[in-house]
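Counting from 1, the numbers follow the sequence of the chain as shown. Whatever order the structure lists ligands and atoms in, that order sets their numbers, starting from 1.
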Amino acid sequence: MPLILDALCQSEADAPVLRLVEALGGEPARVKERLVGEPAYHSRRLQFASGAEVILHDDAVVAAMLHAAPTEFAAHGFDLPEWIPGIDDGATLEDLKKAIDAPRYLTGMGFTLDGAYAVPNFKNNRGWNQPGNLLSITLTVEVPGRSCRPEDDDCPVCSDLLVRKEDSDGGQNGGAGGVDVERTIPALSSATSAGLLKESPHWVPLADLQLLHASGLMERAESQLTCTACRRIVCLTLFRASAPTFVYAVMDEARRRPLEKIPPAEQWGDAPRLAEDREAMHYVDHHPGAWFLVEQQGDLFLQARYWRNSMVDSEVLLRLEPDELAAYRSEGKDFLSGLAQRIDKSRPSTEESPYFHRDLYRGPDSAALTKSFATAIVNHTWIAEQRRRT
Ligand SMILES: [Zn+2]
């Protein structure tokens, strides 16, 4: 293990890396290279027949992976006992704790070494208590969970969705001419339709990104989509005054990215988008932590938060009835706050509650309603407030 730790952060030509490569078997069985994201970094992956991999970003070693199981480039798993005494391919998390004998990293799975982390990967991300589920151990300088895992650079689902522009020197630069927005958006959108990516409702809908950007109303218009395979979040951002970016982020990084209010479609939509907007839900009002009021084609809908128990909260979505509408028109917000309290007290997740059967989230259109509702309140959620502050 010290051989690996010494090589981390060093360049491929540096002595510690040469020593490590030699110890892993010399010439790699396979080398994979690609540009990741835009602005791009160069990812180079040396895969050895011994079952180990070394990953470099812009010529600095960021991770080494030791595969316990056979892989495409190695017929046998890596000789773990030789490198980490006490560990073999049957090791459980408990065995690793004993053998590595280092403080656990706070999110649970990894170990904190001197300036680096050791992160075991188990089959389907579980099964760490049974022998035979250990897939690999990654030694990395990246803090687990704080940034994308270097081994996801090649994710088969999401690593080829960025389409790059042909650069002016005819591809000499490996196509590093920036994001080809016209072709990247359809690539992301078809991966979303195929269920491979999941679009976040808290950002600009991918379908609106170019229109919003063209309007010049937003300094930066950003869509975020999560890969269902590697969980990286693709952040595609179109800036008013600079080149577009395509960045992979983990959840924590993604939600800290800034986004100003998304202007209403009437200010930037084309005819089809405006027609769609006439049928969509629109934000009317809200009381933080308690309720949201939205309007759709003359009807008003209240989403009220309630507590299932002291730990778990949930929401109901009701169409206001004529007497409730009248009360709201005369009493205003106070009526809605009172109504939200009555809903909470009635325990609306139980059939005894008069609101149980009115809850549209229990109906057949639940998924579509959840999505249109999320789009309607995008500028007013707690998350939106937070990211405007950054
Ligand atoms: Zn992925």
Side-chain angles (χ1 to χ4, degrees), residues 30-47 53-58 62-65 67 69 71-73 107-110 117 119-127 135-164 174-176 178-181 183-207 209 222-237 244-257:
R30 191 162 79 172
V31 177
K32 282 174 136 182
E33 291 188 88
R34 64 159 60 244
L35 287 174
V36 180
E38 183 60 41
Y41 62 84
H42 181 252
S43 164
R44 179 166 156 89
R45 197 160 176 157
L46 314 177
Q47 302 182 315
E53 289 186 69
V54 172
I55 305 173
L56 297 106
H57 284 174
D58 293 333
V62 288
M65 286 184 84
H67 292 274
T71 57
E72 284 170 46
F73 53 87
T107 52
M109 274 309 186
Y117 303 88
V119 188
N121 308 299
F122 292 91
K123 224 169 265 175
N124 304 323
N125 270 325
R126 50 199 160 93
L135 292 177
S136 61
I137 298 176
T138 306
L139 290 130
T140 176
V141 289
E142 307 285 357
V143 185
R146 291 274 181 77
S147 50
C148 294
R149 306 183 320 156
E151 56 262 48
D152 291 330
D153 288 351
D154 294 302
C155 171
V157 168
C158 69
S159 61
D160 286 319
L161 296 171
L162 163 58
V163 185
R164 294 177 193 282
V179 182
D180 185 336
V181 175
R183 288 158 72 208
T184 299
I185 289 182
L188 291 172
S189 139
S190 60
T192 307
S193 312
L196 301 172
L197 296 182
K198 204 169 171 304
E199 193 174 352
S200 165
H202 302 300
W203 297 78
V204 176
L206 192 59
L209 199 56
E222 177 164 317
S223 297
Q224 292 194 357
L225 307 101
T226 306
C227 172
T228 53
C230 69
R231 312 305 303 170
R232 288 188 299 178
I233 298 168
V234 170
C235 308
L236 176 61
T237 318
T245 60
F246 183 110
V247 170
Y248 292 97
V250 295
M251 200 202 289
D252 213 39
E253 295 172 300
R255 60 193 287 175
R256 282 165 205 265
R257 294 172 65 83

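Taking a cutoff of 4.0 Å between a charged side-chain nitrogen and a carboxylate oxygen, Asp153 and Arg34 do not qualify as a salt bridge.
Every pair passing side chain to side chain donor-acceptor pair (under 3.5 Å) that includes a residue from residues 190-205 is listed here, sequence neighbours excluded: Trp203-Gln224.
Residues passing the side-chain hydrogen bond (donor to acceptor under 3.5 Å, both in side chains) test with Ser189: none are found, sequence neighbours excluded. Under the side-chain hydrogen bond (donor to acceptor under 3.5 Å, both in side chains) criterion, Thr184 pairs with no residue, sequence neighbours left out.
Counting only protein atoms, the N, O or S atoms lying less than 2.8 Å from the Zn ion (ligand 1) are Cys155 SG, Cys158 SG, Cys227 SG, Cys230 SG, ordered by chain and residue number.
At least one donor-acceptor pair under 3.5 Å links the side chain of Arg45 to the backbone N or O of Glu151.
Annotation: cation-pi geometry satisfied between Arg232 and Tyr248 (NZ/CZ under 6.0 angstrom from ring centroid, within 45° of ring axis).
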